[in-house]
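Here's the structure, in structure tokens; my notes come after.
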Protein chains: 2
Amino acid sequence: MSRKTLTPAQRRSEILRLLTARQGASIEELCEFLSASPATIRRDLDLLESEAPIQRTHGGAMMRTLRPADQDFAQRESLDIDEKRAIAEKVVSFIQPGSTVFMNDGSTIMAIAHAIVAADLEVFVATPAVNVATRLSAGSKVTSCLLGGIVRQSSLATAGNFTAAMAAQINADIAIISPDGVHAESGITFQSGDDAALAQRMSTQSADTVIVAVASKLQQRQRINAMPLSKKYSLVTGAGEDRLVGLREAGIRVIRIGTSG
Amino acid sequence: MSRKTLTPAQRRSEILRLLTARQGASIEELCEFLSASPATIRRDLDLLESEAPIQRTHGGAMMRTLRPADQDFAQRESLDIDEKRAIAEKVVSFIQPGSTVFMNDGSTIMAIAHAIVAADLEVFVATPAVNVATRLSAGSKVTSCLLGGIVRQSSLATAGNFTAAMAAQINADIAIISPDGVHAESGITFQSGDDAALAQRMSTQSADTVIVAVASKLQQRQRINAMPLSKKYSLVTGAGEDRLVGLREAGIRVIRIGTSG
DNA sequence: ATCATTTTGATCGTTTTTGATTGCTTTCAG
DNA sequence: CTGAAAGCAATCAAAAACGATCAAAATGAT
């Protein structure tokens, strides 16, 4: 693909495409992908910043968030970004084209949304996360179904009875769930009862359930238990073995992925 | 394939075909493919630029594709901005604190969302518009309820059976509806059947119904009829009397607001 | 075949683009 | 708080692309 030498305009267009697909990228990544020098990429980004909705950052650039309200949200997104991306790529490989997918919300789920768009998968996705749903519906083959309900400003997702009731009407092939904590004794846990109930419902109405969690979520026990650790679930994480003690034994199938590029 | 010599016209046509197929190409590539010299290709591109949707760039040419999504959306938001603001302020004065409000989607509705936040109203708002729901939930007293459903990327709103079913569960004090067209004979009309059905539902499940429309929507008849013009509805618009002919007579209560400060 | 016209490819001076170099600033770990 | 490391802007020379010009080649009409 990136064999030939592109014209400057094509390169800039490609940068824009990459930034949109992944919400952001480092200069290093762009250099490698477009086989250009950092100086050139920097010049391109400077130029694009003035005529496209992107924002230069240290070491790269990201899509300009429409509203300043999303500021700290974007910050959270960049935490453990490499691990989340690695998890996302793995999870996407589990998704069959044409299937129906449940996803809850969170920055790891958002990373999966980006990966789905990048992979150009044709799927039906139901989610309570506003940002995930809009991301998926923007110029992709995904049919994105937003579960209705009360919008919580903290997470940009819906919650409550409406959300659960609507989820109850949908049957899926796979549920992808990012919990707040994974604990050897308590299993999959959440901070909010609504989130826990929704996760439970999504899981029972899907043929398969995949739990995704960055290392820092493991061995954490939050307020509400949603599901026990069971052989029916797969846990995809980038954590090292030291953070996994007791989890396998408690019954869950663990899929570790390497975070180093 | 590798014809000996093409006529100039054939060559230009071929260039256009290549550019369309690949979205853009470098002069070097075109030279090789069409076995012509750079000078010739350049002349061709110069000529084509004036009579085809292509754009010359350094080193080649690209298809001239107007950015589809974000540009025209942002553009629409700033269209008739003064009238929309004036309408919004008027409409907000109708909303009782503590009441339940239905709103559909559109840039006029978005203006109303801004006004509600500015007025610091404490209300419950149900809407299919993602941007409206998130705007309302961000740091305000509003409880914002997003109607679930399939996300349409064009309007950033949900639509379909899920949306209607969820709206059917909610009873409101006031429905604020921005239609695609208001016509003396056909009444309130929409481009999409889903939108029309939702508007209908919102209206019947509310004690009051307010139609908002900028001047350019008046006297327009779109594909689908939603509701007739009735005394039960109020139309808030900034249009002059010339655009209102026949509407009052058809039965709707018209509230004109001045657009000048 | 001859002449006028168009098209083409080459040349050359100018402009744009590019990647390396050089100090300066930001970031982050200790 | 300090120092190393990474990122950055500025500068510069080489390379690539450009536009203009012109003569050769192709085309078409007489």
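Note that these values count all heavy atoms, side chains included, but never hydrogens, waters or copies made by symmetry. Chain letters run A, B, ... following the sequence lines, proteins first, then strands; residues in each count from 1.
Overall bending of the helix from C/dA1-D/dT30 to C/dG30-D/dC1, expressed as the angle between end axes built from five pairs apiece, is 50° (10° steps).
A/R256 has a carboxylate O that lies under 4.0 Å from a charged side-chain N of A/E241, or vice versa, which qualifies the two as a salt bridge.
Summary of the strand contacts: A/E28 and B/G60 both lie near DNA chain D, and taking for each the nucleotide with the nearest heavy atom, the more 5' one is attributed to A/E28.
Here the P atom of nucleotide D/dA17 and the CG atom of B/D46 are 16 Å apart, to the nearest Å. Between the C1' atom of C/dT7 and the CG atom of B/L34 lies a distance of 16 Å, rounded to the nearest Å. We find that CD of A/Q10 is positioned 12 Å from P of D/dA17, with the value rounded to whole Å. Across the protein-nucleic acid pair, A/E29 atom CD and D/dG7 atom P stand 12 Å apart, rounded to whole Å. Between the CZ atom of B/R42 and the P atom of C/dT11 there is a distance of 14 Å, given to the nearest Å.
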Original post:
In the 5'-to-3' direction, what one-character label does each nucleotide of nucleotides 16-30 of chain C receive under the scheme B = base within less than 4.0 Å of a protein heavy atom, S = sugar-phosphate only, - = no such atom?
Top reply: SSBB------SS---
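OP1 or OP2 of D/dC8 lies within a sub-4.0 Å distance of a side-chain N or O belonging to A/R56.
Closest approach of A/F190 to A/S178, counting heavy atoms only: CE2-O, 3.8 Å. Closest of all the heavy-atom pairs between A/T209 and A/M227 is CG2-CE, 4.2 Å. Between B/S107 and B/K84, the shortest heavy-atom distance links the atoms OG-NZ, 2.9 Å. Between B/L136 and B/A113, the shortest heavy-atom contact is CD2-O, 3.7 Å. Nearest heavy atom pair, residue A/I177 against residue A/A199, reads CD1-O, 3.4 Å.
A/Q200 and A/S203 form no side-chain donor-acceptor contact under 3.5 Å, judged by distance and modelled atom types alone.
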**OP:** Go through the steps to decide whether A/E29 and A/R85 satisfy the test salt bridge (Lys or Arg N to Asp or Glu O under 4.0 Å), and finish with yes or no.
**Re:** CA-CA 13 Å; A/E29 288 172 310; A/R85 268 195 207 145; 2.8 Å; yes
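Under the side-chain contact (heavy atoms from CB on, under 4.5 Å) rule, A/I87 has a single partner from A/E89, A/E83, A/K90, which is A/E83.
Within 4.0 Å of A/S26, counting heavy atoms only, lies no atom of the nucleic acid at all.
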